[in-house]
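This report concerns only the one structure given below.
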Amino acid sequence: MSKNILVTGGAGYIGGHTCKALAERGYTPISYDNLSNGHEWAVKWGPLIKGDIGDRALLDEVFDKYKPSGVIHFAAFIEVGVSVKDPGSFYRNNSCGTLTVMEAMRDHGCERIVFSSTAAVYGMPDSVPIVESHPQWPISPYGWSKFMVERMLEDFGRAHGTRHCALRYFNAAGADPDSEVGEAHNPESHLIPLVLQAAHDPEKEITVFGTDYDTPDGTCIRDYIHVCDLADAHIRALDYLADNESVAVNLGSGTGNSVQEIIEAARTVTGVDIQPKLGERRAGDPSRLVADRTMAKKTLGWEPQYSDIVETIQHAWNWMTRD
Ligand SMILES: NC(=O)c1ccc[n+]([C@@H]2O[C@H](COP(=O)([O-])OP(=O)(O)OC[C@H]3O[C@@H](n4cnc5c(N)ncnc54)[C@H](O)[C@@H]3O)[C@@H](O)[C@H]2O)c1
């Protein structure tokens, strides 16, 4: 079986870390990215093809040339708030773009795909920790755009025999411990880099949205998972699909941290007394989102190696303050 793996969105945050992990395990990552949100510097472990996932002719060339034995599909727009204001671009890019990739796979006989799904497919949770069988009713076009891909993957599996692993990530965090690659979203909307930016640059502020939730310190709880643990899960998913059927699994730490705890940990790491502004709750923010990760252990044999949030934030800080 070819060791070439097509990595769409390979110039992005999670994609870059996964390419490093692929290379370390003897695979050749073929990054395919239109650089709408990615970075050429993040592609260090294999070739970069600059292109759009909606470009079927270019995908055909790439499948013909590299004959990948699997696809890891990260490419997508990721900003939930933008998806509410401009749903069309999300359905076009995330759902229709993925359909083009899936059709190219079908026509080139490529049978394995690891798909970046999200905890957003669950919507407001009825029960926490969230298990994979929890009802799915997303509350944003972003979540629906991913939900639809999961449905399409199931139909393609039945009709064409493609096998998929839908990895429902919770909150990716941290950076490569060697600082060879890290998070650089623009604009940045994730809590940890925003808190660290506030520590790094006194001009930047951080706001805590809601302090009256039903949690021990009143701030929202989220499940942060180290990006290298995510990367590891992708290789395991790829290997799993070599001789197993399709599956959807949560990827989270299984424990949550409140916004307040993140700020406290960032103070410890940076030595800066970060003082957030306290704001109102945002619409649609559940108080607690935490993964049940039993299924990931059972199917992929995956468990997070980084369980200390201070260490995760330290890696992100090392990356942000590298020379
Ligand atoms: N970061 C998280 O916490 C998180 C959580 C859940 C799910 N996800 C999913 O994981 C994936 C990766 O997220 P990320 O944080 O690395 O985001 P990212 O923006 O850093 O990476 C996405 C990459 O896809 C590329 N891309 C977007 N549209 C493209 C297109 N049409 N053609 C080619 N390339 C395209 C971008 O240029 C970028 O490099 C996304 O699918 C996202 O929805 C991320």
Side-chain angles (χ1 to χ4, degrees), residues 7 9-25 29 31 37-45 72 74 78 116 118-119 167 169-201 204 206 221-236 250-274 276 289-291 293 296 302-323:
V7 184
Y13 170 45
I14 308 172
H17 289 82
T18 302
C19 286
K20 179 172 179 179
L22 280 166
E24 282 172 352
R25 298 194 213 173
S31 292
N37 284 305
H39 308 277
E40 208 156 343
W41 51 253
V43 182
K44 302 180 176 176
W45 294 278
I72 304 185
F74 295 103
I78 66 166
S116 296
T118 165
L167 299 177
Y169 322 149
F170 283 61
N171 292 64
D176 173 33
D178 305 325
S179 288
E180 288 192 276
V181 63
E183 187 166 11
H185 290 122
N186 187 19
E188 187 53 80
S189 61
H190 294 142
L191 178 66
I192 291 174
L194 287 174
V195 172
L196 293 179
Q197 283 172 7
H200 199 231
D201 178 355
K204 296 207 165 139
I206 177 81
I221 292 178
R222 294 289 178 271
D223 183 327
Y224 296 92
I225 182 72
H226 197 291
V227 65
C228 292
D229 281 326
L230 285 184
D232 171 51
H234 287 75
I235 326 285
R236 287 171 183 268
N250 289 337
L251 293 181
S253 66
T255 56
N257 291 101
S258 72
V259 175
Q260 195 55 49
E261 284 171 349
I262 294 296
I263 294 171
E264 199 48 58
R267 287 190 186 119
T268 305
V269 167
T270 63
V272 178
D273 184 20
I274 305 154
L289 280 180
V290 177
R293 59 180 171 81
W302 176 85
E303 283 183 299
Q305 300 305 304
Y306 297 96
S307 53
D308 177 3
I309 193 68
V310 173
E311 185 183 19
T312 299
I313 293 177
Q314 182 72 58
H315 291 161
W317 181 243
N318 293 350
W319 162 254
M320 189 180 282
T321 56
R322 72 199 180 282
D323 291 332

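Judged purely by atom type and a 3.5 angstrom limit, Asp223 uses its side chain to pair as donor or acceptor with the backbone of Gly254. At least one donor-acceptor pair under 3.5 Å links the side chain of His226 to the backbone N or O of Cys228. A distance-only check finds a donor-acceptor pair linking the side chain of Arg293 to the backbone of Ser253 [under 3.5 Å]. Distance alone, capped at 3.5 Å, places no donor-acceptor pair between the Trp302 side chain and the Asp232 backbone. A distance-only check finds no donor-acceptor pair linking the side chain of Asn250 to the backbone of Ala291 [under 3.5 Å].
Residues satisfying the ring-ring contact (aromatic ring centres under 6.0 Å, His included) criterion with Tyr169, sequence neighbours excluded, are His234. Every residue meeting the side-chain hydrogen bond (donor to acceptor under 3.5 Å, both in side chains) condition with Gln314, not counting sequence neighbours, appears here in chain and number order: Asn318. Among residues two or more places apart in sequence or in another chain, the ring-ring contact (aromatic ring centres under 6.0 Å, His included) test is passed with His17 by Tyr13. Residues forming a ring-ring contact (aromatic ring centres under 6.0 Å, His included) with Trp45 (at least two apart in sequence, or on another chain): none. In terms of the ring-ring contact (aromatic ring centres under 6.0 Å, His included) criterion, residue partners of His39 (sequence neighbours excluded) are, by chain and number, Trp41.
Put simply, the side chain of His190 reaches to within 4.5 Å of the side chain of Ile78, judged on heavy atoms. For the pair Pro304/Ile225, a side-chain contact is recorded, criterion being any heavy-atom separation below 4.5 Å from C-beta on. Considering only heavy atoms from C-beta on, Ile313 stays 4.5 Å or farther from Val195 through its side chain. No side-chain heavy atom of Tyr224 sits under 4.5 Å from any side-chain heavy atom of Thr312. The shortest side-chain heavy-atom distance between Ile274 and Ile206 falls under the 4.5 Å cut-off. Considering only heavy atoms from C-beta on, Leu230 stays 4.5 Å or farther from Thr18 through its side chain.
Between Ser116 and Phe74 the shortest heavy-atom distance is OG-CD2, 3.1 Å. The shortest non-hydrogen separation linking Trp319 to Ala175 is CB-CB, 3.7 Å. Contact between Ala296 and Leu251 at its shortest, heavy atoms only, is CB-CD2, 4.2 Å. Residue Asn186 comes nearest to Asn37 through the heavy atom pair O-OD1, 3.8 Å, listed as atom of the first residue, atom of the second, then distance. For Ile221 against Gly256, the heavy-atom pair with the smallest separation is CG2-CA, 3.6 Å. When all heavy atoms of Ala231 and Ala21 are compared, the pair lying nearest together is CB-CB, 4.0 Å.
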Could you give me the CA-CA distance, side-chain angles and deciding distance for Met320 and Glu183, then say whether side chain to side chain contact (heavy atoms under 4.5 Å, CB included) is met?
CA-CA 8 Å; Met320 189 180 282; Glu183 187 166 11; over 6 Å; no
Between Ile235 and Leu22, does the side chain to side chain contact (heavy atoms under 4.5 Å, CB included) criterion hold? Intermediate values first, please.
CA-CA 7 Å; Ile235 326 285; Leu22 280 166; 3.5 Å; yes
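In this structure, the separation between CG on Leu191 and CD1 on Ile262 is 6.0 Å, given to the nearest 0.5 Å. Atoms OG1 and CD1, on Thr268 and Ile263 in that order, are 12.0 Å from each other to the nearest 0.5 Å. Rounded to the nearest 0.5 Å, atoms NZ (Lys204) and CG (Leu194) are 9.0 Å apart. Taken from CG in Asn171 to CG in Asn257, the straight-line distance is 10.0 Å, to the nearest 0.5 Å. Note that CG of Asp201 and CG of Leu196 are 12.5 Å apart. Values are rounded to the nearest 0.5 Å.
Sorted by first and then second residue, the salt bridge (charged side-chain N to carboxylate O under 4.0 Å, His left out) pairs involving residues 11-23 (not counting sequence neighbours) are Lys20-Asp176, Lys20-Asp178, Lys20-Glu180.
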